[in-house]
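Encoded as structure tokens, the structure appears first; notes follow it.
Starting from 1, each residue takes its place in the sequence as its number.
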Amino acid sequence: MAGGLVALLDDVAVLARAAAASIDDIGAAAAKAGAKAAGVVVDDAAVTPQYVRGLAAERELPIIKRIALGSLRNKFFIILPAVLLLSQFVPWLLTPILMLGGAYLCYEGAEKVWAKIAHHDAHGAGEEKLQDETTLVSGAVRTDLILSAEIMVITLNEVIDEAFWSRLAILAVVAVVITVLVYGVVALIVKMDDAGLRLSQRSGAVATFGRGLVRAMPVVLTVLTVVGTAAMLWVGGHILLLGTNELNLHFLYEAVHHVEVAAHDATGVLGGLVGWLVNTVASAILGLIVGALVVLVMTLTLHRRKSKTAAATAAATTRTDGIIPAPPSRAAQRRDAPADRAPRG
């Protein structure tokens with residue numbers, strides 16, 4: 001009996017070591033895949049703070065929490081099942097779907113650029129004034145859906161040769177870690193001014209540092225808004241660039257790659273950085289062009305219909321509330337006259 005117990009414990013130890021090794025492998029693969037998606041993670045962190053600009057300070061963290069929960073729902077209930085099923089059964093669909101998401105990012109970025117140039121709110125002045133939290137969260141979660149899909153697809157490409165359950169575990173680990181990292185950093189960024197205000201109430205160098213933080217944060221948030229818009233164009237354009245190449249439309253990718261290699265070879269030690277910048281700028285230009293075309297189409301179709309509907313509604317309201325009604329007709333006056341009025345003699 002003692003021998004059987006020892007053998008059982010030995011089997012348990014072997015299984016435990018195998019499980020630990022498997023966990024280590026999953027952790028290592030998740031870290032490698034997450035590193036590959038680091039560029040999109042930076043974009044996600046840069047895009048999100050713009051959604052809480054102009055809100056009351058006490059509403060910033062609750063809004064970020066709602067966006068983070070929406071991001072987790074995106075990853076676990078939409079993206080993770082979709083990419084696993086598509087990669088298992090119809091892997092050729094991943095690229096077109098991702099390109100649609102890239103086009104949406106280009107549209108968002110180009111719309112913000114146009115709003116800045118034209119000096120109006122890209123989504124309507126009323127939304128800016130009302131600061132509808134549900135609208136803000138919905139917009140942020142929609143944008144997060146595209147960026148999270150890019151992160152998860154990059155991760156999937158790194159572990160595509162793993163078994164199904166290993167892929168599932170790795171993607172789940174990356175989803176949680178990336179979400180915590182991104183929205184933790186965003187929370188720190190948007191609350192930095194509050195921390196500076198508290199530090200400014202102390203004395204000496206600490207107070208000076210706190211006042212510097214308070215003065216710097218509006219600039220930091222403005223810069224992040226610009227970076228976030230550029231990131232939308234860059235990531236969206238890069239998705240389209242890679243997607244066209246995977247769909248055997250090689251001319252765009254090869255042209256950008258040729259310029260990138262030439263810049264790399266011509267700049268010596270800085271070749272890696274310069275080559276990356278060339279690719280990034282080219283992707284952003286492509287994103288801006290595609291986004292501008294989508295904005296034009298949306299302006300000529302959906303936005304125009306919305307404007308006509310809003311104008312018709314405003315005209316109807318004006319007729320109802322702002323204009324004195326016409327006097328009743330003679331027939332209506334006779335119909336409404338008192339029945340006991342004396343007849344004419």
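- By the criterion of side-chain heavy atoms lying less than 4.5 angstrom apart, applied directly or through intervening Ile, Leu, Val, Met, Phe, Trp or Tyr residues, Val186 is not grouped with Leu69; the two fall into different hydrophobic clusters.
- Among all heavy-atom pairs drawn from Ala263 and Val274, the shortest one is CB-CG1, 3.8 Å.
- Here the straight-line distance linking atom CE of Met298 with atom CG of Leu293 works out to 13.5 Å at 0.5 Å rounding.
- Looking only at distances, no side-chain donor or acceptor of Asn279 sits under 3.5 Å from a matching main-chain atom of Glu260.
- A single hydrophobic cluster is seen to contain both Ile78 and Met152, as judged by linkage of ILVMFWY side chains at heavy-atom distances under 4.5 Å, directly or through other members.
- The distance from the CZ atom of Arg202 to the OG1 atom of Thr208 is 13.5 Å, given to the nearest 0.5 Å.
- What you find for Ala68 and Thr179 is that their closest heavy atoms are O-CG2, 3.9 Å.
- The distance from atom OG1 of Thr229 to atom NZ of Lys116, rounded to the nearest 0.5 Å, is 9.5 Å.
- The minimum heavy-atom distance between Ala187 and Leu61, with the atom names listed, is CB-CD2, 3.8 Å.
- Annotation for Cys106 and Gly237: closest pair SG-N, 3.6 Å, computed over non-hydrogen atoms.
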Worked verdict on Leu168 versus Leu80 for side-chain contact (heavy atoms from CB on, under 4.5 Å): CA-CA 8 Å; Leu168 174 60; Leu80 185 56; 3.8 Å; yes
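- Both Val153 and Ile97 are assigned to one and the same hydrophobic cluster, defined by single-linkage of ILVMFWY side chains at heavy-atom distances under 4.5 Å.
- Transitive grouping of hydrophobic side chains (ILVMFWY, heavy atoms separated by less than 4.5 Å) brings Met232 and Leu277 into a common cluster.
- Taking CG of Leu72 as the start and CD1 of Ile178 as the end, the distance is 11.5 Å to the nearest 0.5 Å.
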Check against side-chain contact (heavy atoms from CB on, under 4.5 Å), Asn245 and His257: CA-CA 11 Å; Asn245 188 56; His257 182 66; over 6 Å; no
Worked check of salt bridge (Lys or Arg N to Asp or Glu O under 4.0 Å) between Arg66 and Glu133: CA-CA 10 Å; Arg66 289 177 63 184; Glu133 292 186 3; 3.7 Å; yes
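- When all heavy atoms are compared, the tightest approach of Asp144 to Asn74 is OD2-ND2, 3.2 Å.
- Between the side chain of Thr244 and the backbone N or O of Leu240, at least one donor-acceptor pair lies under 3.5 Å.
- Within the 4.5 Å cutoff, side-chain heavy atoms of Thr143 are placed close to those of Leu105.
- Listed for the Ser87 side chain is a donor-acceptor partner under 3.5 Å among the backbone atoms of Leu84.
- Within the 4.5 Å cutoff, the side chain of Leu247 has heavy atoms near those of the Met99 side chain.
- Here the CG-CG distance, from Leu94 to Leu86, works out to 5.0 Å after rounding to the nearest 0.5 Å.
- Residues Val83 and Leu156 come closest through the heavy atom pair O-CD2, 3.9 Å.
- For the atom pair Glu108 CD and Glu111 CD, the distance stands at 6.0 Å (nearest 0.5 Å).
- In this structure, Val227 is not a member of the same hydrophobic cluster as Ile285, with clusters built from ILVMFWY side-chain heavy atoms closer than 4.5 Å.
- Relative orientation of the Tyr104 and Tyr107 rings is tilted, given thresholds of 30° and 60° on the angle between their planes.
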